Amino acid sequence: MIEKLSDMGIKSQYAYTAGFLSIGASLVSWTASRGKSGDSEAQADRWGIFIGHWAPTFFAIGIALQLTEED
């Protein structure tokens, strides 16, 4: 899968950027969900955690792509 991403022109820097953007998106979604009157605090926390779990995946893909780029 990583080689296929590399062949498609995806660079490790793109994955790292996506990781940092997902951290920001997690914070934004958590804040926005807490601000809604209909959602509970628990729902806001679940949204933040759900999106927050994307970051480690993007960082891991970035590391794998970086190792591929070094070869």
Side-chain angles (χ1 to χ4, degrees):
M1 178 185 140
I2 299 300
E3 287 183 24
K4 195 139 192 100
L5 288 174
S6 183
D7 291 343
M8 291 171 47
I10 308 281
K11 297 182 181 181
S12 61
Q13 193 63 34
Y14 302 159
Y16 294 139
T17 301
F20 285 113
L21 288 174
S22 70
I23 292 170
S26 174
L27 187 65
V28 167
S29 71
W30 175 74
T31 305
S33 186
R34 281 190 78 103
K36 288 176 67 175
S37 60
D39 285 349
S40 67
E41 286 184 29
Q43 181 63 31
D45 292 344
R46 283 190 290 269
W47 271 113
I49 291 169
F50 171 69
I51 296 174
H53 280 131
W54 299 350
T57 303
F58 286 127
F59 290 134
I61 291 171
I63 290 169
L65 284 169
Q66 187 173 13
L67 292 172
T68 302
E69 292 167 358
E70 291 174 359
D71 288 341

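The shown structure was predicted, so the numbers you read here are calculated from the model rather than taken from an experiment. In what follows, residues are counted from 1 in the order of the sequence shown.
Under a hydrophobic clustering in which Ile, Leu, Val, Met, Phe, Trp and Tyr are joined whenever their side-chain heavy atoms come within less than 4.5 Å, directly or via other members, Y16 and W54 fall into different clusters. Under the 4.5 Å side-chain heavy-atom criterion for ILVMFWY residues, a single connected hydrophobic cluster contains both I61 and M8. Residues I10 and I2 fall within the same hydrophobic cluster, defined by Ile, Leu, Val, Met, Phe, Trp and Tyr side chains chained together at heavy-atom separations under 4.5 Å. Linking ILVMFWY residues whenever their side-chain heavy atoms come closer than 4.5 Å, directly or via other members, places I23 and I63 in the same cluster.
Looking at every heavy atom in both residues, G19 comes nearest to A55 through O-CB, 3.7 Å. In this structure, S12 and G62 approach most closely via the heavy-atom pair CB-O, 3.2 Å.
Side-chain contact check for F59 versus F20: some heavy-atom pair is nearer than 4.5 Å. Contact of the R46 side chain with the I49 side chain is not registered, since no non-hydrogen atoms from C-beta on lie closer than 4.5 Å.
Connectivity analysis of hydrophobic side chains (ILVMFWY, heavy atoms under 4.5 Å, direct or indirect) links L27 to W30.
Panel note: side chain T68, backbone E3; no donor-acceptor pair is recorded below 3.5 Å. Using modelled atom types, one side-chain atom of S29 and one backbone atom of A25 make a donor-acceptor pair closer than 3.5 Å.
Going from atom OG1 of T17 over to atom CZ of F58 covers 11.0 Å, rounded to the nearest 0.5 Å. Rounding to the nearest 0.5 Å places CD of Q66 at 12.0 Å from OG of S6.
Atom CD of E69 is surrounded by more than 12 heavy atoms from other residues, nucleotides or ligands within 6.0 Å.
One finds a salt bridge joining E41 and R34 here, because a Lys/Arg side-chain nitrogen approaches an Asp/Glu carboxylate oxygen to under 4.0 Å.
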